[in-house]
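Below you'll find the structure, written out as structure tokens, and then a few comments.
Each chain gets a letter, A, B and so on, in the order the sequences are listed, and its residues count up from 1. Hydrogens, waters and symmetry mates are skipped; everything else that's a heavy atom, side chains included, is used.
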2 protein chains.
Amino acid sequence: MSRKTFLFMDTVYNKVDSKGRVSLPADYRAIVKELGSEIVCYRSLVSPCIEGCVEDLLEKLASEIEDSNDFFSQTQDDLTNLIFGDAKRFTFDSTGRIVLTEKLLKHAEITDTAVFVGKGRKFQIWNKENWEKEEARIRAAVSAQRPVLNARKTENAPHE
Amino acid sequence: MSRKTFLFMDTVYNKVDSKGRVSLPADYRAIVKELGSEIVCYRSLVSPCIEGCVEDLLEKLASEIEDSNDFFSQTQDDLTNLIFGDAKRFTFDSTGRIVLTEKLLKHAEITDTAVFVGKGRKFQIWNKENWEKEEARIRAAVSAQRPVLNARKTENAPHE
DNA sequence: TAAAATACCATGCTATACCATGATGTAACA
DNA sequence: TGTTACATCATGGTATAGCATGGTATTTTA
């Protein structure tokens, strides 16, 4: 059975063992399998967390850069370089686990628990404490920006 | 045979059992089946209630973000974290029930009864007492803000 | 050949798919 | 119009499959 939508969602807490092994949430695996693709992870450029997506998305990003005639978007170009330089494919074993590298774990300050946070086409992996702080920060920021959110909402956003 | 409109309507009171299981109103299920999609629920950002919609609606949002050429935007990052990090897919069993999570139930203060309230493209799930208060508030607010509406009502209404 | 990386096996738990029952409303029919 | 048969729906209970996780074997590579 195939599905129409491929969204990383929800927030899942999974254990990381001494070798860096961690179960990719079952819902995430289902997406990857359905697309017949692979997971790619890299260090977030702005937060102490790991960012992941399906390889297709990076493929798309690369195409956009390639097709772009914007010679002045040096910044975006640089950022893209950073991501591709850092990104790595991760295959999961028969039980659905991937092995995160020392570099990634260190950047996200993850030791024994990994928090998977859905972001639609992407997802993030956080240290427990950092994520809870981040979530609080975002909720506060969004509350403060209520007017903007409300404006968006009437257009398309599913949130009240 | 297909239909043109897919609107969540009406207000339905259903029981929530000890495991968080609750029947999705039959009308709602019909919509989901017709669309060949799934239900997605998340905590309302502004009210103590659960919000739900069809997955396609979130898919649209994700596509808009993806196509906005804004791979690195901070504001969008915050918003997507909040929406997709909180949202979760809910599939219903052969009898039409979904299992709400502890997080959602707690946010909406739901224990044994869930009130499904149609809102068009979306719907909400409330605690009984909270919904009755909310409905009263809404009615009062509408009356206060719509003197024109009141005028029409007193003209046409045969009673009172 | 030692050490590390990776694939496979085992287990307990929980989520979820299925069966059964009762209630309610609707259609058929006399 | 009153009664009965049927269909649909909400709800309670239960078994099983899938999941996360710990452990072991096998392959790789330095």
- Query: A/Arg29 CZ to D/dG18 P: how many Å, rounded?
  - Reply: 12 Å
- Of the listed D/dT21, D/dC19, D/dT11, the closest approach to the A/Ala26 side chain comes from D/dC19
- Item | Integer-rounded Å distance: D/dT8 P and B/Asp27 CG | 14 Å
- Note on the structure: From the list B/Arg89, B/Glu55, B/Lys60, B/Glu38, side chain to side chain donor-acceptor pair (under 3.5 Å) with A/Thr5 holds only for B/Glu55
- Whole Å only: how far is the OH atom of B/Tyr28 from the P atom of D/dC9? 15 Å
- Rounding to 0.5 Å, atoms CH2 (A/Trp126) and CD (A/Glu109) come to a distance of 9.5 Å
- With B for base contact, S for sugar-phosphate-only contact and - for none (protein heavy atoms under 4.0 Å), nucleotides 13-24 of chain C reads ----BBBB----
- Message: Let me confirm one number: the OG1-CD distance from B/Thr113 to B/Glu129, rounded to the nearest 0.5 Å.
- Response: 8.0 Å
- Examine distances only and state if a side-chain atom of B/Tyr42 and a backbone atom of B/Gly85 form a donor-acceptor pair shorter than 3.5 Å. no
- Message: Short of 4.0 Å, heavy atom to strand atom, which residues of residues 103-111 of chain A count as contacting DNA chain D?
- Response: none
- Message: I want to check something: taking the side chain as every heavy atom from C-beta on, are A/Ile110 and A/Ile50 in contact at a cut-off of under 4.5 Å?
- Response: yes
- B/Asp93: salt bridge (charged side-chain N to carboxylate O under 4.0 Å, His left out) partners, not counting sequence neighbours: B/Arg97
- Message: If you count every heavy atom of other residues, nucleotides or ligands that lies below 6.0 Å from A/Lys106 atom NZ, does the total exceed 12?
- Response: no
- Query: Whole Å only: how far is the CG atom of A/Asp112 from the P atom of D/dG22?
  - Reply: 10 Å
- Write down the distance between CD1 (B/Ile98) and C1' (D/dA10), rounded to a whole number of angstrom. 14 Å
- Task: Test salt bridge (Lys or Arg N to Asp or Glu O under 4.0 Å) on A/Glu132 and A/Lys128 and set out the steps.
- Result: CA-CA 6 Å; A/Glu132 276 155 13; A/Lys128 190 172 177 297; 3.5 Å; yes
- Item | Given DNA chain D, 5'-ward residue of the pair A/Val16 and B/Asn14, judged by closest heavy atom | B/Asn14
